[in-house]
Q: 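Got a structure here, written out as structure tokens. Questions coming.
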Amino acid sequence: MRTALQWILIVFGVGCAAISLSHIVIGPSTIPGANTPNPSLDGDIRMVMVLFLAFGIACVWAARDLDKHAGLIHLLMLLFFVGGLVRLLTVAYVGWPNAFFLAMIVFELALPLIVTPMLQRVTGRQASNDLVALTR
């Protein structure tokens, strides 16, 4: 299970990095179903993608030592889950996105619900304990 979890985090992190780099280099035209944004939105998307790039790199880095970096992994999964919830805010305010982003909502809500219990099983520790340890 340890190796499977490490590979999940590595593949996920590399995917996040690849997505973010495509948005940074090519621009928002890589977003399925999106219209050409104005310069303000274009710049905002590219800037946020730098953070998503760091998120992906952090997933790959943390996968090297699950025991040592469990708190960070739990935090990253919590942030990813909250990102899925924020997409639901968009649904409430603007409406339903295209099919790709519907799938992303499911993925963003499901992945943390898979990774977190796996990590707890691998480390033998509760997520809450690892998250609290981040503050020390």
Side-chain angles (χ1 to χ4, degrees):
M1 183 177 297
R2 178 178 295 273
T3 302
L5 182 54
Q6 287 175 309
W7 277 108
I8 289 169
L9 289 168
I10 291 167
V11 169
F12 172 65
V14 168
C16 292
I19 290 166
S20 63
L21 286 171
S22 73
H23 291 320
I24 291 167
V25 174
I26 299 169
S29 65
T30 59
I31 301 171
N35 297 326
T36 303
N38 62 43
S40 298
L41 184 56
D42 183 289
D44 195 47
I45 290 168
R46 290 177 199 251
M47 181 283 209
V48 169
M49 285 298 116
V50 172
L51 301 175
F52 196 51
L53 175 61
F55 182 94
I57 291 168
C59 285
V60 172
W61 179 78
R64 298 176 313 131
D65 189 337
L66 298 177
D67 293 300
K68 182 177 178 182
H69 303 300
L72 174 60
I73 295 166
H74 286 304
L75 179 61
L76 292 169
M77 289 299 109
L78 178 61
L79 291 170
F80 199 62
F81 185 83
V82 171
L85 294 176
V86 169
R87 283 197 199 268
L88 291 176
L89 262 178
T90 298
V91 170
Y93 284 114
V94 183
W96 290 100
N98 70 23
F100 175 80
F101 286 103
L102 286 175
M104 290 305 303
I105 292 170
V106 172
F107 182 70
E108 290 158 354
L109 296 175
L111 183 70
L113 298 176
I114 295 166
V115 168
T116 297
M118 285 179 75
L119 184 56
Q120 290 179 127
R121 193 159 181 202
V122 165
T123 63
R125 299 188 307 262
Q126 292 295 314
S128 58
N129 294 340
D130 286 328
L131 286 166
V132 168
L134 279 176
T135 64
R136 294 182 201 162

Q: Is V11 close to V14 at the side-chain level, that is, under 4.5 Å between some pair of heavy atoms?
A: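 A side-chain contact is absent here, since even the closest heavy-atom pair is not under 4.5 Å.
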Q: Search all heavy atoms of L131 against all heavy atoms of G71 and return the closest pair with its distance.
A: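 Result for this residue pair: CD2-O, 3.6 Å.
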Q: Any side-chain heavy-atom pair from L102 and V106 closer than 4.5 angstrom?
A: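 They are not in contact (no side-chain heavy atoms under 4.5 Å apart), so the answer is no.
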Q: How far does CG of L88 sit from CH2 of W96, to the nearest 0.5 angstrom?
A: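 These two atoms lie 6.5 Å from each other.
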Q: Under 3.5 Å, sequence neighbours excluded: what are the donor-acceptor pairs made by side chains of residues 107-122?
A:
unit_1	atom_1	unit_2	atom_2	d
E108	OE1	R87	NE	2.7
E108	OE2	R87	NE	2.9
E108	OE2	R87	NH2	3.0
T116	OG1	P112	O	2.9
Q120	OE1	A127	N	2.8

Q: Looking only at heavy atoms, which two atoms of A70 and D130 are closest? And how far apart?
A: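 For A70 and D130, the tightest heavy-atom pair comes out as CB-OD2, 3.3 Å.
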Q: What distance do M1 atom CE and L5 atom CG have between them, rounded to the nearest 0.5 Å?
A: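 So the gap between those two atoms works out to 8.5 Å.
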Q: Nearest 0.5 Å please: distance from the CG atom of L85 over to the CD1 atom of I105.
A: 10.0 Å
Q: Closest heavy-atom contact between L9 and A63?
A: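 Looks like CB-CB, 3.8 Å.
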Q: Please tabulate, one pair per line, all N/O donor-acceptor pairs under 3.5 Å involving side-chain atoms of residues 15-33, not counting sequence neighbours.
A:
unit_1	atom_1	unit_2	atom_2	d
S20	OG	C16	O	3.1
S20	OG	A17	O	2.8
S22	OG	I19	O	2.7
H23	ND1	T30	OG1	2.4
T30	OG1	G27	O	2.9

Q: Is there side-chain contact between D67 and R2, with at least one heavy-atom pair below 4.5 Å?
A: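 D67 reaches R2 side chain to side chain.
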Q: Sub-3.5 Å donor-acceptor pair from the side chain of R64 to the main-chain atoms of W61, do we have one?
A: yes
Q: For a 4.5 angstrom cut-off between non-hydrogen side-chain atoms, does V82 reach L79?
A: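 Side chain of V82 against side chain of L79, heavy atoms only: no contact under 4.5 Å found.
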